[in-house]
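Numbering of residues begins at 1 and proceeds along the displayed sequence. Fair warning: this is a prediction, and the values are worked out from it, not measured in the lab.
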Amino acid sequence: RGTVKLKEGIADLDLNMSLLNGQMSMLGSYNSVIPQPLADFQFGIKDFSFRESYRALDMVKQIAPVMENVEGQYNLGLAMNVHMGDDMSPLLNTVNATGLLSTRTLQIGGKVFSQLATFLNNPDYEQLKMNDLNLEFSIEDGTLKVEPMDFKLAGQKATFGGTMNLDQSLDFDLQTDLPLEKLKAQKYLGQFQSLSSGSIPLSVKIGGTASDPEVKPSLGDLKNQLGAEIKNQVKKVVDSAKTIVKQEVNDKLDQLVSAAEAQGDKL
């Protein structure tokens, strides 16, 4: 439902529609007068399905192929302009946009998390579940940039951000803390067995391409971790010693006071 106005080769659109199991508003213009036609629109999207968006929209397949492995629904506010080809398809190297994607519940799998789970030897990391996610992004001349965002990964605070280029090459970083009990790979567990408890930093570099991502995880520096552990243990011992010494001093004072009182009574 809505209006479309045509005047001198320019179409002004103000539309509301139901599709992909959700709702979308579309406001803007299509200019066919200039040598390279330009679409300039603002979109308001509510309750779209990630997976259905991937299946139905070619542009999503090219710019956000990760949606193939995502379960859930999302809301999206998007301002975008892009030049169009002769077949009315968007020319990706001309896409410029800003947007905010939000979702209450999201579950994502795929090669990235499969590789991470293999590295840690822990299936808990094969699927990522997020709640109340707000993702800010921009697209400049076809390059997608995701602003660093905070979320929970396997119950731990994590930060994620980076870019994807026109050739679908990835350059993303994931930072989180890994509880020692979540590290199941004996190959790495032996390095940290001297730690009594706690967690170690986990950094994940995501490269390769959207269709064939490469995950390069790295764990925290054992030297620094041991240093922190030793400092913590020494502090506990010192605090304990302080408590013992204080108690011994207090007991000695009590004895001296009692002895002085006894002497005073004799006098």
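Taking every heavy atom of both residues into account, Glu126 and Phe113 meet most closely at O-CB, 3.4 Å. Minimum interatomic distance between Ser89 and Asp87 (heavy atoms only, all atoms of both residues): OG-OD1, 2.6 Å. Minimum interatomic distance between Thr159 and Asp150 (heavy atoms only, all atoms of both residues): OG1-OD1, 2.9 Å. Across every non-hydrogen atom of Ser32 and Pro37, the tightest pair is CA-CB, 4.2 Å. The heavy-atom pair separating Ser53 from Ser49 by the smallest distance is OG-O, 2.7 Å. For the pair Pro201 and Asp177, the tightest heavy-atom approach, listed with the atom from each and the gap, is CA-OD1, 3.8 Å.
The only option from Thr209, Leu144, Thr143, Asp141 that meets the side chain to side chain contact (heavy atoms under 4.5 Å, CB included) definition with Asn165 turns out to be Thr143. For the pairing with His83, the side chain to side chain contact (heavy atoms under 4.5 Å, CB included) check across Leu92, Asn96, Thr94 returns one residue only, Thr94.
Taking a 6.0 Å sphere around CD of Glu136, one finds it holds 12 or fewer heavy atoms contributed by other residues, nucleotides or ligands. Annotation: Asp212, atom CG; neighbour count of heavy atoms from other residues, nucleotides and ligands within 6.0 Å is above 12. Other residues, nucleotides and ligands contribute over 12 non-hydrogen atoms within 6.0 Å of the CD atom of Glu147.
Note that OH of Tyr74 is 13.0 Å distant from CG of Leu133, once rounded to the nearest 0.5 Å. With values rounded to the nearest 0.5 angstrom, Gln42 atom CD is found 10.5 Å from Asp14 atom CG. Between atom CE of residue Met17 and atom CZ of residue Arg1 there is a gap of 10.5 Å, rounded to the nearest 0.5 Å. Taking CE of Met164 as the start and OG of Ser169 as the end, the distance is 8.5 Å to the nearest 0.5 Å. Between Leu27 atom CG and Asn16 atom CG the span is 9.5 Å, to the nearest 0.5 Å. One finds the OG atom of Ser138 at 14.0 Å from the CE atom of Met80 (value rounded to the nearest 0.5 Å).
At least one donor-acceptor pair under 3.5 Å links the side chain of Gln115 to the backbone N or O of Pro213. Side-chain atoms of Gln175 never come within 3.5 Å of backbone atoms of Ala158 as a donor-acceptor pair (strictly under, hydrogens ignored). At least one donor-acceptor pair under 3.5 Å links the side chain of Asn75 to the backbone N or O of Asp47. A distance-only check finds no donor-acceptor pair linking the side chain of Thr176 to the backbone of Leu202 [under 3.5 Å].
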CA sep, side-chain torsions, deciding dist, call: Gln73, Phe50, side-chain contact (heavy atoms from CB on, under 4.5 Å):
CA-CA 6 Å; Gln73 295 178 311; Phe50 283 106; 5.8 Å; no
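Phe41 and Leu100 end up in different hydrophobic clusters when Ile, Leu, Val, Met, Phe, Trp and Tyr side chains are linked at under 4.5 Å. Residues Leu15 and Leu38 do not share a hydrophobic cluster, clusters being chains of Ile/Leu/Val/Met/Phe/Trp/Tyr side chains in contact below 4.5 Å. Hydrophobic clustering keeps Val95 apart from Ile34 (ILVMFWY residues linked when any side-chain heavy atoms are closer than 4.5 Å, directly or through intermediates).
The closest side-chain donor-acceptor pair between Ser18 and Gln23 falls under 3.5 angstrom.
Seen from the ring of Phe137, Lys145 does not count as a face-on cation partner, given the 6.0 Å and 45° thresholds.
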